[in-house]
Amino acid sequence: MLEVISKETGNKEMVINMGPQHPSTHGVLRLELVLDGEIITKVRPNIGYLHRCFEKYAEQMDDYAKVIPYTDRMDYVSAINQEHGYVIALERMLELEVPERVEYIRVIMAEMQRIASHLLGIGAFGLDLGAFSPFLYLFTEREKILDIFERVTGARLLYNYFAVAGLMRDVHPEFKTDTAEFVKTFRPKIKELNDLLSYNKIFIKRTANIGVLPEKVALNYAASGPVLRGSGVEWDLRKNDPYSIYDKFDFEIPVGTGEVGTLGDCWDRYMVRVKEMEQSLRIIEQALDGMPDEGDVMEAIPKRIRPKEGEIYVRTETPRGELGYYIISDKSASPFRVKARAPSFVHLSMLPAISKGSLIADMVAIVGSIDIVLGEVDR
Amino acid sequence: MLNAVKQSWLTFRSIFTGMGVTIRHFFGPTVTLQYPDEKMELPKGARARLYVNIDDCIGCNLCARACPVNCIDIETVASTQDVDLGKTSTGNPKRFWLTRFDIDMAKCMYCDLCVHPCPTNCIYMVSEYEYSEYDRSNLVYHFSNLEPEMVAEVKDKAEKEAEQKKREREEMMRKKAEEKAQKELEAKKKAEEESNDKEKGEE
Amino acid sequence: MTEYVSHIHPVAAILVHAAIPLTIILVYALVAIWGERKIAGFIQDRLGPMRVGGWHGWAQSIADLLKLIQKEDIIPTDASRFLFKFAPFMMFAASYAAFAVIPFSSAYVGSMVNIGVFYLLAVTSLLTLSIIMAGWASNNKWSLLGGMRSAAQMVSYEVPTIASVLTVVLVAGSLNLMTVTEMQSGNDILGFLPNWFIFQNPFLIVAFIIFFISILAESHRVPFDLPESESELVAGYQTEYSGMRWAMFMLAEYADMLLLSLLGATLFFGGWNSPFGDFMAGPLWGFFWFMLKGLSLVIVMMWIRWTLPRYRVDQLMHICWSILIPLSFVNLVLTALWEVIF
Ligand code: SF4
Ligand code: SF4
């Protein structure tokens, strides 16, 4: 492929490989850049370095439940959200009723995970632009969330916590107070982040008007999540196609405003994430209030999972966008086919469209602002 | 011109705000844990390593079947009639010698799926997390507490018993077959006699 | 001391004069690298190095140095061998040579030349050359990009640096750094403030700000650390270097930082003059004050580094050419007017 590209280029241009071992490609992404000086004339993402056959594995398993730990490993930064979509798909296939307490715990966990994921995304974005300290401050906060998760699930990164119509184990008695405490201490940190990074003039200079993704292009590429909202489209599956019990909560959908530059630039995408964390805090607070204290979280878990013959597509809102699971059942104990629609993959495909004509340094900002996780791109 | 001055002022102001935040952190508390000296206490129920209480295991193989990555390897041998393996602490009778119960922690993904199906709750996660090894094969944990001789003996016994049983079964089969043959023979005889009788009568 | 040294054999004198700044640089580099890691650690709520040597890991840099000495010296196959090997030494030599004219104390300056400032600026521009050399000789695209960036950056930022230095020279009327320092002794401004140039007239404050921004860029510190910005260019011109050669780059970079900070201290903060007039003055106190002033500037540079993101290469150029350069020249003219009027 490299040769084909270099044949197309004249003497003036230079082909350069960014990645797969490059500090700012968020894992193992390889970008082929054709440069004219430092200006990018062409970019081609090469993926597949982290391919682990998720979909094939899912077919190989002899039980639906065994797929859940594998869904964790798609987007390892927001494992809970990945499980959430999968178990919802199975619940709908089996037409199961999920106990209320389970739903509340799930929502709290999912929103905490969303915050944790955004913290990582924002921090790494800052790191790409050379701001080191915010990254570590945010990581400290993320660590607190992981501590809560560890007490609840026993694991810090890949939880395998959600089961079909239930949870793998009940939360500990202090869960509510722990979480409420976190919510309380986390609010001021968002302000600090805004002081340190979001409204820093240098940061704004590096992100405003860079990598502009107009609304129409975003829709054409089927973007979703913060990337789409950054372009000013008010679309959030938690509101537009409510699953779980999200219709019970009162929250807003932050969208890009073009406050410091053009609508849909890197800064807008970044800011949507920051504001989304606040909304997640709101959801968590409401869920903590509404969560029933009593109830067995494991009683509804079916002994055998044998869905009827048929197929289903379920989409949920993960921190990165719309994650869809398409599952076909042939009445056996394992899925006939599982297909995951990964938002990161979709967003990565927009990269050539929005980064043409920018500088190498902007490339780094753009890759950071669409916040891809290579585990999900390659699956 | 005025705009440029304003922009520069804003830039400086944001830089100083940022520097204020960092200097506050400079004098603030640190969060580092000096790892080998201080250790983080893992909460109860942390999933760090699998442990099998082999005395309680009944060798039902449910955990191995639940594992998505097949890292549990169980081999059981039925106990002979003359020994009673006793009961587990949960009251389930034990019927198998566990000649092998290996868990490959290098393969395990700590998913907890093997823990739930166990009828005697004897396989569970413990919070022991410092078990790095230089050789990957050392990460295979052998939980079976039978000595190799014991294993051989048990296997031998089991084989003998199985043979015995087989022989008994064969004996039984043979007996049955003989009986059957006998009956058939008798039936034949009878039939022959009857026919003979008939023939006689006809004659 | 200078006079005393020149009485002995000339070769010995040269050696002594060479050894003093070298010792200062080496000790400073070990302390500064450790200090930077500590400062970074505390700013980021961490502790930084803690193990080597007991108290707060003070021996960490020494351990690192020993490790770097043992490392294999890797030279890429297609690199231009001579240039590749030579670049780090040239870079260090450039910043080291410039220390010759820095007046460390009232009794010691390596060379009492009357074109000190001019010499210093001329010698430090060799840094650009060595960085391009390293970038080009590595035969690596990232290195090349880093080298090109740095060349553009340093050449551009030399202009505002020189213009702001000129402002001081204009006021002082001398290019000899010793003379410049001597002119700043005494506590006459408003009755108590020391006679430092930064307090002498408002335009020199502006000159100092320009100077400080420019030396941030010249010594590749955040927000202008583009030649080695690790998230874009991997490590810029240092990408292919390892072991001692890389350590030379590191050393040169820290030496450069100290050099420019000391220059700033000399020009604007009274060099080795004590801030309390005759109290705590004298050659040794002078050295103490001088290093204190220089290191404070270094610490501010570190503080900035761990706070800010970095600029983009074109924005960097924009700041230099359309803001700093015009401003510094206007400032120069205004200072001249001020001098004429008062
Ligand atoms: S924790 Fe999961 S992977 Fe590990 S042995 Fe149990 S079932 Fe297998
Ligand atoms: S499920 Fe429990 S009892 Fe059964 S084999 Fe596994 S450890 Fe033993």
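Computed from a prediction, not measured in an experiment: that's the story for all the values here. Chain naming here is simple, since letters A, B, ... match the order of the sequence lines and numbering starts at 1 in each. These values consider heavy atoms only, across backbone and side chains, with no hydrogens, waters or symmetry-generated copies.
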If you count the non-hydrogen atoms of other residues, nucleotides and ligands that lie under 6.0 Å from [atom1] in [X], is the total more than 12?
X	atom1	result
C:Trp136	CH2	no
C:Met148	CE	no
C:Arg51	CZ	yes
A:Tyr76	OH	yes

Relative to chain C, which segment of A:Ile210 carries a heavy atom at a distance below 4.5 Å: side chain, backbone, both, or neither?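 Contact with chain C: side chain only.
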Honestly, the part of A:Tyr137 sitting under 4.5 Å from a heavy atom of chain C is side chain
What heavy-atom pair brings A:Arg206 and C:Gln315 nearest, and what distance separates the two atoms? CD-OE1, 3.6 Å
Taking all non-hydrogen atoms of both residues, which atom of A:Lys205 and which atom of C:Tyr311 are closest, and how far apart?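 Scanning both residues completely, I find the closest heavy atoms to be CD-CE2, 3.9 Å.
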To the nearest 0.5 Å, how far apart are CD1 in A:Ile202 and OG1 in C:Thr307?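 Separation between the atoms: 10.0 Å.
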About how many Å separate CG of C:Asp314 and CD1 of A:Ile39, when rounded to the nearest 0.5 Å?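 Rounded to the nearest 0.5 Å, the CD1-CG separation comes to 8.5 Å.
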Does C:Tyr28 have any ring pair (Phe, Tyr, Trp, His ring centres under 6.0 Å) partners at least two apart in sequence or in another chain, and if so, which? none
Residues which pass ring pair (Phe, Tyr, Trp, His ring centres under 6.0 Å) with C:Phe249, listed by chain and number, not counting sequence neighbours: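 C:Phe249: ring pair (Phe, Tyr, Trp, His ring centres under 6.0 Å) contacts with C:Tyr237, C:Tyr241.
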Heavy-atom cut-off 4.5 Å, strictly under: side chain, backbone, both or neither for C:Gln44 against chain A?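 Looking at C:Gln44, backbone and side chain both touch chain A.
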In terms of heavy-atom pairs under 4.5 Å, which option from A:Leu196, A:Thr140, A:Leu359 contacts chain C the most?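 Top count of heavy-atom pairs under 4.5 Å with chain C: A:Leu359.
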With heavy-atom distances below 4.5 Å as the criterion, would you say the side chains of A:Asn200 and C:Leu308 are in contact? yes
